[in-house]
Q: 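If you scroll down you'll find the structure; I have some questions about it.
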Amino acid sequence: MSKTLFEKIVAREIPATIVYEDDLVLAFRDIKPQAPTHVLIVPKKPIARIAEAKPEDHQVLGHLLLKAAEVAAQLGLKESGYRLVFNNGPHAGEAVPHLHLHILGGRPMSWPPG
């Protein structure tokens, strides 16, 4: 099976503007930002989407959420607020079959999202 785009970014086979990295996750700027600040945070372990996560993935998923808050604070979004988004499947807008969490901020956001 070939690597996903995000696995190639994690392996440094494709360049990205990385804003955070540790043993479990990598965060980088989205190449098509939908907000003034738009960062994707991905687990280094390939998990296609949240619906395919296994019970043994709970540690990396919890870590991903905690690190998303830290990255958002690092990017100056803590006070004004930010949106966290998982897309699960094609109807949700999932473009890459590698679980990723969008961190969006830097402008007021409306609800519901379109």
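These numbers were taken from a predicted model, which means no experiment stands behind them.
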Q: For atom CZ of Arg29, is the number of surrounding heavy atoms from other residues, nucleotides or ligands below 6.0 Å larger than 12?
A: no
Q: Evaluate the side-chain proximity of Phe28 to Thr17: yes if any heavy-atom separation is below 4.5 Å, no if none is.
A: no
Q: Within this structure, what is the CG-CG distance for the pair Leu84 and Leu101, rounded to the nearest 0.5 Å?
A: 5.0 Å
Q: Within a reach of under 6.0 Å around CD of Gln59, are more than 12 heavy atoms found that belong to other residues, nucleotides or ligands?
A: no
Q: In chain order, what residues pass the side-chain hydrogen bond (donor to acceptor under 3.5 Å, both in side chains) check against Asp57, with sequence neighbours excluded?
A: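 Lys45.
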Q: Which value, rounded to the nearest 0.5 Å, describes the distance between Ser80 atom OG and Arg107 atom CZ?
A: 12.0 Å
Q: State the CG-CD1 distance between Asp30 and Ile103, to the nearest 0.5 angstrom.
A: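 Result: 11.0 Å between the selected atoms.
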Q: Going by the rule side chain to side chain contact (heavy atoms under 4.5 Å, CB included), which residues pair with Gln74 if we only count those two or more places apart in sequence or in a different chain?
A: Val19, Tyr20
Q: From Leu99 CG over to Ile50 CD1, what is the distance, rounded to the nearest 0.5 angstrom?
A: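 Interatomic distance, Leu99 CG to Ile50 CD1, rounded to 0.5 Å: 5.0 Å.
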Q: So, taking the atom named OH in Tyr82 and the one named NE2 in His38, what distance separates them when rounded to the nearest 0.5 Å?
A: 14.5 Å
Q: Do His100 and His98 make the cut of ring centroids closer than 6.0 angstrom?
A: no
Q: When rounded to the nearest 0.5 angstrom, what distance separates CD in Glu7 from CD1 in Ile14?
A: 10.5 Å
Q: Under a 4.5 Å side-chain heavy-atom rule over Ile, Leu, Val, Met, Phe, Trp and Tyr, are Leu77 and Leu40 clustered together?
A: no
